[in-house]
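We name chains A, B, ... by the order of the sequence lines, and we start the count at 1 in each one. These numbers come from a predicted model, not from an experiment.
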Protein chains: 2
Amino acid sequence: MNLNIGDVSKRTGLRAKTIRYYEDIGLVTPLRDTNDYRVFRETDLHKLTFLSRARALGFTIDDCRNLLALYEDETRASADVKEITSKHLKEIEAKINDLQAMHATLSHLSKECAGDHRPDCPILEGLSGDDRR
Amino acid sequence: MNLNIGDVSKRTGLRAKTIRYYEDIGLVTPLRDTNDYRVFRETDLHKLTFLSRARALGFTIDDCRNLLALYEDETRASADVKEITSKHLKEIEAKINDLQAMHATLSHLSKECAGDHRPDCPILEGLSGDDRR
DNA sequence: CCTTGACCCTCCCCTTACTGGAACCCCCAT
DNA sequence: ATGGGGGTTCCAGTAAGGGGAGGGTCAAGG
């Protein structure tokens, strides 16, 4: 069950480039064949799958590093995992709020804009210093 | 009414560094005093205010460049502005959707997690290949 | 045995939108 | 003259990879 980078890429959904990058920054340490090809074992595959999912859920690489350490530590406290997750959830909420505020402002301006050949444009007015609400 | 970079920074809310960067990439072109200090005029101030607001609404620098060109073009069609805005609104919506999906998944896992001293952790299980919904 | 195409390798620069820092100049008040 | 608070340039770094050059390797087919 020794896999090349291409195989791992297919199974994890990560690109080969990404996997090499993860090795560079020390998240995985595959073995090497005599021809310098990376050789991934079961455990490497598990880690990379884990990383793929954690990244897809928006965790930073740094969070991933910590989560992975907890994942591998049989004596972890689930509280530690939950804390990282809660912090991340709060960041997600903050981002959603920001985006919703932007969306509200912009869609308001956009609705006012005729969107035709004429130059008058409430969007540009809103973006300029012109501060009437 | 000639302003130094610090004055402009205070009035626009942009940091001096950011303003220099905007000059670097050609978004503004302040004059120069004999001592090499940048000299900003009214129009520069307007442009930078515009940029500050557009950035705060999440437009990319590239969008800003286009919007600024339209802002300065008295013969623009408001349709062009609206198109950039609509595209941006769609991107915002997509991001919000992504974030909400992440949030849903993560908060579900988080709720299942005891968050105590014990190692059992549904969050880690969810992140590993363990694919039971 | 040789070639072809699909893999794999390393190394380096590019991206976004800035931010930080070093090393230096300028002006005014003490 | 010295101190502080402006200003200037340039260099390096961030997150998380992406793109591409230039080259080695492997397995199958002719």
Side-chain angles (χ1 to χ4, degrees), chain A residues 2-40 44 47-48 50-68 84 87-88 91-92 95 98-99 102, chain B residues 2-41 44 47-48 50-68 87-88 91-92 95 98-99 102:
Chain A
N2 282 351
L3 305 169
N4 274 349
I5 200 166
D7 309 320
V8 177
S9 173
K10 267 166 216 141
R11 298 195 191 203
T12 60
L14 296 169
R15 305 191 193 184
K17 273 260 157 154
T18 302
I19 297 169
R20 290 193 195 105
Y21 174 66
Y22 289 170
E23 182 186 9
D24 256 20
I25 63 175
L27 291 177
V28 277
T29 315
L31 303 177
R32 294 297 181 129
D33 206 340
T34 51
N35 56 10
D36 271 356
Y37 283 22
R38 288 170 182 78
V39 175
F40 298 84
D44 299 316
K47 282 197 195 183
L48 287 167
F50 185 94
L51 287 168
S52 175
R53 288 167 182 247
R55 291 287 301 127
L57 287 172
F59 284 106
T60 64
I61 292 281
D62 214 54
D63 283 341
C64 289
R65 199 185 296 278
N66 294 321
L67 288 171
L68 207 47
I84 296 177
K87 189 174 122 285
H88 183 40
E91 289 162 3
I92 292 179
K95 275 186 198 164
D98 281 4
L99 288 169
M102 290 179 193
Chain B
N2 282 352
L3 305 170
N4 274 351
I5 200 166
D7 309 322
V8 177
S9 173
K10 269 166 215 141
R11 298 195 190 203
T12 59
L14 296 169
R15 309 174 56 172
K17 274 256 156 158
T18 304
I19 297 169
R20 290 193 195 102
Y21 173 67
Y22 288 172
E23 182 185 9
D24 258 20
I25 62 174
L27 289 178
V28 278
T29 314
L31 302 177
R32 292 300 179 128
D33 205 341
T34 52
N35 55 9
D36 268 358
Y37 284 22
R38 288 171 181 79
V39 174
F40 297 83
R41 284 148 312 160
D44 298 315
K47 281 196 194 181
L48 288 167
F50 185 96
L51 287 168
S52 176
R53 289 165 180 249
R55 291 290 299 129
L57 287 172
F59 284 106
T60 64
I61 292 282
D62 214 52
D63 282 342
C64 287
R65 200 186 293 280
N66 295 320
L67 288 171
L68 207 48
K87 188 173 124 285
H88 182 41
E91 288 162 2
I92 291 177
K95 276 185 196 163
D98 281 2
L99 288 169
M102 291 179 194

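- Counting any heavy atom pair closer than 4.0 Å across all strands shown, B:Arg15 reaches sugar-phosphate atoms only and no base atom.
- When rounded to the nearest whole Å, the span between CD1 of A:Ile19 and C1' of C:dC7 equals 14 Å.
- Distance A:Leu3 CG to C:dC7 P: 15 Å, rounded to the nearest Å.
- Of the possible donor and acceptor atoms, one in the side chain of A:Arg65 sits under 3.5 Å from a partner among the backbone N and O of A:Ile25.
- Counted within 6.0 Å of CZ on B:Arg11, heavy atoms from surrounding residues, nucleotides or ligands total 12 or fewer; the atom is thus considered open.
- Between A:Asp98 and A:Lys95, none of the side-chain N atoms (NZ, or NE/NH1/NH2) sits under 4.0 Å from a carboxylate O, so this pair counts as no salt bridge.
- In this structure, the side chain of B:Asn66 engages the main chain of B:Asp62 through a donor-acceptor pair within 3.5 Å.
- Closest-nucleotide positions on DNA chain D for A:Asn35 and B:Phe40 were compared, and the one nearer the 5' end corresponds to B:Phe40.
- Residue B:Arg55 places its CZ atom among more than 12 non-hydrogen atoms of other residues, nucleotides or ligands, all under 6.0 Å distant.
- Of the side-chain N and O atoms in B:Arg32, one or more sit less than 4.0 angstrom from OP1 or OP2 of D:dT9.
- One N or O on the side chain of B:Asp7 and one on the backbone of B:Asn4 form a donor-acceptor pair closer than 3.5 Å.
- Across all strands shown, A:Ile5 has heavy atoms under 4.0 Å from sugar-phosphate atoms exclusively, and none from any base.
- In terms of polar N and O atoms assigned as donor or acceptor, the side chain of A:Tyr37 comes within less than 3.5 Å of the base of D:dG24 in a complementary pairing.
- Ion pairing of A:Asp44 with A:Arg38 is absent here, as no side-chain N (NZ or NE/NH1/NH2) approaches a carboxylate O to less than 4.0 Å.
- The side chain of A:Arg20 lies closest to C:dT10 when the candidates are C:dT10, D:dC26, D:dT9.
- Rounded to whole angstrom, the span from the NZ atom of B:Lys10 across to the C1' atom of D:dG6 amounts to 9 Å.
- With hydrogens and angles ignored, the 3.5 Å screen pairs no side-chain donor or acceptor of B:Thr12 with any backbone N or O of B:Leu48.
- Counting to the nearest Å, the C1' atom of D:dG7 and the CG atom of B:Asn2 are 16 Å from each other.
- Remark: C1' of C:dC18 and CZ of B:Arg65 are 14 Å apart, rounded to the nearest angstrom.
- In terms of position along DNA chain D, the nucleotide closest to B:Asp36 lies nearer the 5' end than the nucleotide closest to the other residue of the pair A:Asp62 and B:Asp36.
- Considering only side-chain atoms of A:Arg55, the nucleotide from D:dG17, C:dC27, D:dG7 that sits closest is D:dG17.
- With distances taken from any side-chain atom of A:Thr18 to the nucleotides C:dC9, D:dG18, D:dT8, the minimum falls on D:dG18.
- Of the candidate nucleotides D:dT8, D:dA16, D:dG18, D:dA16 has the atom lying nearest to any side-chain atom of A:Tyr21.
- Checking the phosphate oxygens (OP1, OP2) of D:dG6, no side-chain nitrogen or oxygen of B:Arg38 falls inside 4.0 Å.
- Rounded to an integer number of Å, the gap from CG of B:Leu27 to P of C:dC18 is 10 Å.
- Each end of the helix from C:dC1-D:dG30 to C:dT30-D:dA1 yields a helix axis from five base pairs, and these two axes differ in direction by 40° (to the nearest 10 degrees).
- Rounded to an integer number of Å, the gap from CD of A:Glu23 to C1' of D:dA16 is 16 Å.
- With C:dC26, C:dG20, D:dT8 as the choices, the nucleotide that has an atom nearest any side-chain atom of B:Lys17 turns out to be C:dG20.
- The residue B:Tyr22 sits close only to the backbone: its heavy atoms come under 4.0 Å of sugar-phosphate atoms, none of a base.
- Rounded to whole Å, atom P of C:dC9 lies 7 Å from atom CG of A:Asn4.
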